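Have a look at the structure below, then the notes.
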Amino acid sequence: MRTRSLLAACATVVVALGSLSQGQTPTPATAPATVTPTPRTADGKPDLTGVWGTGGGVGVPNSVQKGDTLVIVFQLEGADPFEGKNLFQELDRRGSARKAAAPNKPPYKPELAAKLKEASDLQSKLDPAFYCKPEGVPRMGPPSQIVQTPGQVVFLYEGRNTFRVIPTDGRAHRDDVEPTWNGDGVGRWEGDTLAVDVTNIIDESWLGPDGWFHSDALHVVERLRREGDTLIYNATVEDPKMFTGPWELTPRTLRLMRNPADALVESPPCIERSAENQVTNDHH
Amino acid sequence: MRQGLRVLNVAFALTLANVPALAHHSLFAVFDENQTVTLKGVVSKVEWVNPHVYLYLDVSDVAGKVTTWSVETFPPGTLRRGGLTRDKLGLGEPVTLLGYRARNGKDLVFLRTITFADGRDVVISLGDIKEVR
């Protein structure tokens with residue numbers, strides 16, 4: 001009983017990279033009704049400046065103190081008791097099922113199905129983010145903090161200590177830089193929506209952890225709209241070499257984080273030490 | 001430790017609907033759930049890095065030969081949010097811990113419980129926190 005309980009409790013430990021709270025959960029695009037007016041900069045544009053999050057991280061307890069015992073929990077909402085054998089494998093099986101059932105996948109051309117399956121099967125060998133390389137645009141999602149100044153917007157990402165400087169002064173894409181993980185982004189205002197046009201993304205990155213490769217033709221347009229204390233993030237992803245048509249990411253809704261404890265802090269470095277100890281290709 | 005083990009009797013679950021997208025490696029690919037190891041030693045190093053924090057444990061055998069075990073656990077953000085900051089990981093102190101051994105036979109475990117010299121226990125778990133309270 002004791003052993004089984006130990007296993008039941010521990011087998012389910014899943015470890016995640018860095019901050020887990022920033023925009024990992026897709027949410028509907030519809031912003032809640034708000035009475036908070038959207039602040040504007042001197043030029044009349046919506047001011048996107050602020051720390052943006054889901055509120056699911058700092059401030060939400062993930063541990064319980066019982067006497068001298070501290071239990072740190074990786075939260076699984078509404079988890080049911082599980083009693084069984086081969087728990088580690090079961091964890092992977094359910095993870096794979098969850099990915100397979102994902103409602104919004106890139107529209108890959110049919111002839112890429114075999115290559116896609118191979119990449120998915122070998123995720124723990126091939127996924128660059130597994131090996132601490134950047135997630136890049138658009139995989140890393142919305143920024144954790146925005147700093148808006150006349151003529152440029154700066155996106156900050158806490159998870160991997162990443163920055164993007166987005167000019168909004170009407171300049172064109174630059175042609176003097178190598179492809180990068182976050183690409184070359186230039187911003188423009190579409191009414192009250194900031195659109196960031198991104199090209200020159202390195203073809204090494206993945207669009208998600210399920211083998212979602214792309215080509216050097218990747219083109220992303222991110223759209224950010226502030227409504228009061230809510231920020232809505234959308235992105236349209238095009239890859240004419242790989243996709244049958246545009247792919248719309250599931251929109252994410254973030255809220256303004258005003259608590260000083262939500263201020264961004266430097267993330268510890270990412271150093272991958274597990275890969276050499278994997279004895280199978282199993283993955284989540 | 002006894003109190004910590006009682007906590008283990010709480011049933012945890014494998015429902016994965018809310019597992020964040022950025023999960024790292026499969027536990028099955030690295031660790032053997034049927035091979036738990038209890039280790040007593042001194043924490044000689046704390047590596048506070050993503051995607052996993054590592055402790056290094058110097059374990060002496062009866063002849064005095066020291067073997068250094070690697071102990072893998074949650075990422076730093078998860079530990080910190082749970083109240084287990086870097087300075088509370090027992091650096092330089094004797095500890096007793098329970099972990100799952102690596103399938104490749106290396107001196108490597110995934111941390112399940114750890115008891116510090118001052119009597120504190122930490123239990124690493126996954127499940128619905130409401131079930132733990």
Side-chain angles (χ1 to χ4, degrees), chain A residues 2 5-20 24 57-58 61-64 66-83 87-92 94-95 98 124 130 209 267-274 277-284, chain B residues 3-5 7-31 33 36 48-52 54 72 74-79 81-84 98 100 102-104 106 108 110 112 119-129 131-133:
Chain A
R2 177 171 134 177
S5 295
L6 279 170
L7 292 172
C10 190
T12 51
V13 172
V14 173
V15 183
L17 289 162
S19 170
L20 301 170
Q24 295 303 318
V58 176
N62 72 337
S63 63
V64 177
K66 293 189 171 187
D68 288 336
T69 300
L70 175 67
V71 185
I72 300 180
V73 182
F74 191 98
Q75 174 67 14
L76 293 180
E77 198 67 42
D80 297 322
F82 183 93
E83 295 285 342
L87 300 179
F88 286 8
Q89 284 179 290
E90 175 67 6
L91 188 68
D92 292 343
R94 294 191 184 199
R98 178 177 48 83
S124 64
F130 187 104
S267 293
C270 188
I271 302 174
E272 211 296 309
R273 300 206 187 282
S274 307
N277 295 313
Q278 296 181 119
V279 296
T280 69
N281 289 331
D282 290 275
H283 60 90
H284 297 309
Chain B
Q3 194 165 10
L5 289 174
V7 174
L8 301 183
N9 289 322
V10 175
F12 293 91
L14 289 168
T15 303
L16 288 175
N18 293 306
V19 169
L22 288 176
H24 193 225
H25 69 81
S26 154
L27 283 179
F28 177 77
V30 181
F31 298 102
E33 71 184 62
T36 52
W48 190 254
V49 299
N50 283 304
H52 303 276
Y54 276 83
E72 179 181 318
F74 278 158
T78 304
L79 294 184
R81 193 155 68 86
L84 194 62
L98 178 70
Y100 293 98
R103 292 170 67 185
N104 64 6
K106 286 188 182 176
L108 165 68
F110 195 92
R112 175 68 185 107
R120 287 182 299 123
D121 295 323
V122 172
V123 177
I124 298 296
S125 287
L126 180 144
D128 194 330
I129 196 167
E131 298 291 325
V132 179
R133 290 197 179 105

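Note that these values count all heavy atoms, side chains included, but never hydrogens, waters or copies made by symmetry. First the proteins, then the strands, lettered A, B, ... as listed; each starts at 1. Note that this is a predicted model, so its numbers are computed, not measured.
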inquiry  = Looking at chain B, which one of A/T280, A/I271, A/N277 has the largest number of heavy-atom pairs inside 4.5 Å, strictly under?
reply    = A/N277
query = For residues B/H25 and A/E272, is any side-chain donor paired with an opposing acceptor at under 3.5 Å?
reply = no
ask   = Under the 3.5 angstrom rule, does the side chain of A/N62 hit a backbone N or O of B/T78 as a donor-acceptor pair?
value = yes
inquiry  = For a quick test of reading the model, state the closest non-hydrogen atom pair linking B/L84 to B/W48 and the distance between them.
reply    = O-CH2, 3.5 Å
ask   = chain A heavy atoms under 4.5 Å from B/Y54: which part of the residue, side chain, backbone, both or neither?
value = side chain
task = Could you look at A/S124 and say if it's the side chain, the backbone, both or neither that has a heavy atom under 4.5 Å from chain B?
result = neither
ask   = Can the ring centres of B/H52 and B/F74 be said to be less than 6.0 Å apart?
value = no
request  = Under 4.5 Å heavy-atom distance to chain A, tell me which part of B/L108 shows up: side chain, backbone, both or neither.
outcome  = side chain
